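All heavy atoms count here, side chains included; hydrogens, waters and symmetry mates do not. Keep in mind it's a predicted model, so treat the numbers as computed, not measured. We count ligands from 1, going down the list as the structure has it; atoms in each ligand are counted the same way.
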Amino acid sequence: MDFEFSQDEILFRKSVSEFAERYIEPRWVEIDDKGVIPRDLIAKMGEYGLLTIPISEEYGGLGESFMKTVLAIEELAYHDPAVAIAVYVLLNNGWPYLINLYASHDVKSEVLPRVSKGRYFFGIASTESHGGSDVAGIKTYARRDDGQWYITGEKIYISGVREVLEQLDGGGWFLVAKSGSLDYGHKNITTFAFIPRRDGKLLGEVEWSIFEEIGRGGLSTGTFKIEDFPVEDKFRVGDEGKGFYLLMEGFNIARVLVAAACIGSARWALEEGVEWIKNRKLFNGRRLSSFQGIYMRFSELYTELESARLFTYRAAWMIDKIYRDRDPNYNPKDLNIPVALAKYKAPEVASRIYEEVMKWLGAYSYMKESKVYRGWLGILSYLVGAEGGQNIMKIIIARDYIGRDYIRG
Ligand SMILES: Cc1cc2nc3c(=O)[nH]c(=O)nc-3n(C[C@H](O)[C@H](O)[C@H](O)COP(=O)(O)OP(=O)(O)OC[C@H]3O[C@@H](n4cnc5c(N)ncnc54)[C@H](O)[C@@H]3O)c2cc1C
């Protein structure tokens, strides 16, 4: 076991941190308030290679490790604790990674170079109004006719709706649909690289709207509805009826990056809190940090943060073993528990850190100028469900550890 990052990884983290300090830190509050990441910043991140770190160089990516991707997301979230930018970047690294692994050459050539330059957004469209946790129950349907697909359905709480349909040149989502029959279950799920808009033009009928969110202001979340939207068969990713397994792989990849975003943001919050308790003096000039009730709590939270970090790095290391090194000792299912541990732990820890730091800051934390609440609201998106609810992580851990049959009763 080796607990050291390579010199290359250390330098990469440092260079992302310097980039974020220069281009993101001065703008994150304004971005959070205005609710949009300016296109020039997206393009700048593209120029810097941040949008497709683990994607093959052949398709415009950096061809770097997943571990480096995790380090980049952590640094971006540290410099934009409201996490809109980190989430924009993590979605565009995570789901295109799946495209890089499993889509046809034509699709990779269309999607990945454009994502890499910040011209396309590419995320995930799975959730429907009757319950995001229950993928087996989705109702979006892909009908095959004469070698072409026609997709009908409505997706909700989808990140990137404004980016794809209004702001950028286009893009889309790894879209999850039923094919063959609409029966409840996993065996009739087929997945697509669904690109509704290309070079500023819609390729079919789409109705969409964008929600007003309580946090993570720069990245949109919306809903879209399509009816008989034509999709060429080459945009199908994976075999017909086998999409569920690809979706689970995609979630495992993206959830590690989610954990990294939570950790980066929480690290910022804890540092803000420590700075405050070192300087705030109460009860005849004593530093807040000198009270046992405060520094004990710091140690508990720091321990939890470090444990979430280790879970996250271990999962990233395993992703590299599986997909980069093609190590025969590991397969995608081995990721289930390590990823669920990271995705379960990181938002919980981050949220506890924010809550405690806000208590340390007292009334000031309740004032908008303190900024801490912005990070707390950003992190909350992952506590309430984005990229999979916390209970779903617990189900995965119990199912794979205790055994599927034993937890079913
Ligand atoms: C900001 C934000 C962005 C999002 N972006 C996207 C996106 O880009 N693409 C996308 O597809 N979706 C996205 N989502 C949706 C997200 O994936 C869903 O919120 C998530 O899957 C949970 O679905 P739900 O909200 O419908 O809750 P439900 O599925 O209704 O679940 C409600 C609660 O019940 C719990 N629960 C569910 N099943 C069980 C069970 N068997 N046992 C115990 N507890 C259970 C869940 O953990 C959750 O706490 C986003 C959500 C948010 C908040």
Among [options], which one has a heavy atom closest to [atom]?
atom	options	result
atom 39 (C) of ligand 1	Ile392, Val135, Leu175	Ile392
atom 12 (N) of ligand 1	Ile124, Ile138, Thr127, Leu91	Thr127
atom 7 (C) of ligand 1	Trp95, Phe174, Tyr157	Tyr157

- Task: Going by the side chain to side chain contact (heavy atoms under 4.5 Å, CB included) test, name the single residue among Thr152, Leu202, Leu203 that passes it with Phe229.
- Result: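 Of all the options given, the one that passes is Leu203.
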- Message: Please check whether Gly388 reaches ligand 1 - meaning an N/O of the residue sits under 3.5 Å from an N/O of the ligand, judged on distance alone.
- Response: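 No; every N/O pair is 3.5 Å or more apart.
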Does the protein come close to [atom] - that is, does one of its heavy atoms sit below 4.0 Å from that atom?
atom	value
atom 28 (P) of ligand 1	yes
atom 31 (O) of ligand 1	yes
atom 49 (O) of ligand 1	no
atom 15 (C) of ligand 1	yes

- Message: Between the side chains of Arg27 and Asp40, is the shortest nitrogen-to-carboxylate-oxygen separation below 4.0 Å, so that they form an ion pair?
- Response: yes
- Charged N-O contact under 4.0 Å between Glu30 and Lys34: yes
- Query: Relative to ligand 1, is Lys155 under 4.0 angstrom through side chain, backbone, both or neither, heavy atoms considered?
  - Reply: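 For Lys155, there is no contact with ligand 1 at all, from either part.
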Heavy atom of [X], distance to ligand 1 below 4.0 Å:
X	value
Ile158	yes
Lys394	no
His130	no

- Do the side-chain N and O atoms of Arg216 and Thr221 include a donor-acceptor pair separated by under 3.5 angstrom?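 Yes, because at least one side-chain N or O of Arg216 sits under 3.5 Å from a partner of the opposite role on Thr221.
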- Query: Are side-chain N/O atoms of Glu356 and Trp360 paired as donor and acceptor at under 3.5 Å?
  - Reply: yes
- Evaluate the ring planes of His186 and Phe244, with Trp represented by its six-membered ring, and classify them as parallel (under 30°), tilted (30 to 60°) or perpendicular (over 60°).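 Judged by the thresholds at 30° and 60°, the geometry between His186 and Phe244 is parallel.
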